[in-house]
Amino acid sequence: MKHLGVLLFLLGGLGALAERCEIPEVDSKLVEKLGQRLLPWMEQLSLEQLNPSIYVGLRLSSLKAEAKEALYLHSLKLHYQQSLLGSASSNGDDNSDFQAKPSMGQLALYLLALRANCEFVGGHKGDRLVSQLKRFLEDEKMAIGHDHKGQPHTSYYQYGLAILALCVHQKRVHDSVVGKLLHAVEHDHLLHQGHLSVDTVAMAGLAFTCLKRSNLNPQQRERIVLAIKTVREKVLRSQTPKGHFGNVYSTPLALQLLMTSSMPGVGLGTVCRKARAALLASLQDGAFQNVLMISQLLPALNHKSYVDLISPDCLAPRAMLEAGTETSSQTQAPEDIRVILKVSSVLPPYKHSIPVPAGSSLEDVLKKAQKLGGFRYRTQASLSGPYLISVMGTEAGVREFWQLLQAPDTPLLQGIADYRPKDGETIELRLVSW
Ligand code: B12
């Protein structure tokens, strides 16, 4: 009888484990390699290059870069405060200084970075930043409108990020602001081009989880609890046969969300281990070169999420990162390949075969095409790298973007700086709505 009791207790324990998204530790060498890719970026200290997501990712990881980390936060403070609180107009939507002024989402990430260093935003300057972020959200709320028919100027991703950032600083936003994100979840509005955006859903889930834990909007508690359940289910349903949630690059945020709490009856442990295996395979294939992506992945590999920034553990032991010795094995000059570049969204349509050295990025292809003549493009710096904003003089308008596709119809999962086309591949740039 006693043995049966022990057995049931053990089985119960195993059951509880299966309901948590706990993934076995990943080889520390692999994690270190990922961290090392962030180091060169931490030496770029101009406003355009600064990336608060890198700082957040590192602080929530198992790695540290002590002196560099401190200097990086210092530069973030200097540049973000200067550009946000400087004399220029403060609404940020004036085209002329839009690029220089951090957006709503960038300001939110900056606040997450402060919290990752166990600081609460405060003082006169801090209060002004908080007010600015709240104003951004109010503007977005207006853009969505009373009838919820409109769209935020930025995206629901940034809307969720901003609520999350204020929440981890224990700053309350009005119920009506939270209400817009709740409505979007309740009515399946978190879509890109008609498809569920797993990153956006995961970000909304992280924001709601923070609100639930901090109890900042008690009047909406029931709706928040239900929305968390909804988004978690959506993320689970997005798992591909390989194991990713959505695609490889939305898996880190999805895991962050699933790690925030247990979920009975869905075999969460098994689901997350499958995702981990898929991520490891992608890591081995070299899929994680982009620093923003690495910054979202490192916390998940360390069993952390942005919600942990409610009360971060700044004394947690982390391994010191040393600069890596990744060397390229290429000794001879690479041979040339040809990439066919196609733009059908303009008149006359453009289609040319562009010779570039093997291993070139799509950005190298665009540069070469421009140099050869007959092709023009422009990019804008973003935290994910160069974002293509204009092709052949045609700039993407409101809710439009220049989509990157592998012909005939497969959207690329990487940007122009990271994607490396193969010999004979056709890449199309297509102006689409989202
Ligand atoms: C919203 C969003 C979009 C919107 C952006 C417009 C808008 N007004 O917000 C739309 C739908 C247009 C879009 C387009 C693309 N996106 Co997108 N996008 C996102 C999302 C959900 C949030 C970005 C964000 O706001 N970040 C927060 C703010 C504070 O950071 P930011 O740098 O200031 O934000 C700007 C950039 O992120 C830029 N942007 C958006 N996507 C991408 C992708 C790349 C590669 C670059 C360089 C820039 C960029 O738009 C943001 C607003 O200005 C992320 C998800 C994630 N996990 O990060 C995916 C994400 C970054 N996108 C991704 C991809 C692949 C693309 C596309 C390349 C898809 C394609 N085949 O064309 C294109 C970009 C093509 C181009 N012209 O260069 C991937 C990138 C993966 C990677 N390896 O780096 C992500 C992670 C989604 C995913 N899981 O696949 N995207």
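Start at 1 and go down the list; that is how both ligands and their atoms are numbered. Quick note: residue numbers are just sequence positions, from 1.
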In ligand 1, which numbered atoms sit nearer than 4.0 Å to a non-hydrogen atom of [X]?
| X | result |
| --- | --- |
| N290 | 84 (O) |
| Q296 | 56 (C), 57 (N), 58 (O) |
| L404 | 68 (C), 70 (C), 71 (N), 72 (O), 75 (C) |
| G415 | 45 (C) |
| L412 | 65 (C), 69 (C), 70 (C), 71 (N) |
| S250 | 89 (N) |
| W402 | 75 (C), 76 (C), 77 (N) |
| L253 | 57 (N) |

I need the contact type for [X] against ligand 1. Using non-hydrogen atoms and a strict under-4.0 Å cut-off, is it side chain, backbone, both or neither?
| X | answer |
| --- | --- |
| Q414 | both |
| L388 | both |
| D199 | side chain |
| M104 | neither |
| N247 | side chain |
| L292 | side chain |
| P252 | neither |
| H192 | side chain |
| L413 | backbone |

Exercise. For atom 22 (C) of ligand 1, state which one of Y159, Y157, F288, F401 supplies the nearest heavy atom.
Key: Y157
Practice problem: Could you name the option among M293, H244, Q158, Q106 that has the heavy atom nearest to atom 52 (C) of ligand 1? | Solution: Q158
Exercise. Please determine, by modelled atom types, if S282 and D285 share a side-chain donor-acceptor pair under 3.5 angstrom.
Key: no
Quiz item: Any side-chain donor-acceptor pair under 3.5 Å between R232 and S261?
Solution: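 Yes, a side-chain donor-acceptor pair sits under 3.5 Å.
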Under 30°, 30 to 60°, or over 60°: which ring-plane class applies to [X] and [Y], parallel, tilted or perpendicular?
| X | Y | result |
| --- | --- | --- |
| Y55 | Y72 | parallel |
| H183 | H187 | parallel |
| F120 | H169 | perpendicular |

Quiz item: Does D199 offer a backbone N or O that forms a donor-acceptor pair with the side chain of S250 under 3.5 Å?
Solution: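 Not at all, since once roles are kept as given, no pair shorter than 3.5 Å links the two residues.
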Just how far is it from atom [atom1] of [X] to atom [atom2] of [Y], taken to the nearest 0.5 Å?
| X | Y | atom1 | atom2 | answer |
| --- | --- | --- | --- | --- |
| F245 | K274 | CZ | NZ | 9.5 Å |
| K77 | L114 | NZ | CG | 6.0 Å |
| S83 | K101 | OG | NZ | 6.5 Å |
| L253 | S197 | CG | OG | 9.5 Å |

Self-check item: Minimal non-hydrogen separation, R115 against I310, with atom names
Solution: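 That closest heavy-atom pairing would be NH2-O, 3.0 Å.
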Do the side chains of [X] and [Y] get close enough for a salt bridge, i.e. N-O under 4.0 angstrom?
| X | Y | result |
| --- | --- | --- |
| K304 | D313 | no |
| E138 | K141 | yes |
| D308 | R59 | no |

Quiz item: Is the closest heavy-atom distance from P386 to ligand 1 below 4.0 Å?
Solution: yes
Please report whether ligand 1 has a polar contact with [X], defined as an N or O pair separated by less than 3.5 Å (distance criterion only).
| X | value |
| --- | --- |
| G105 | no |
| Q403 | no |
| W434 | no |

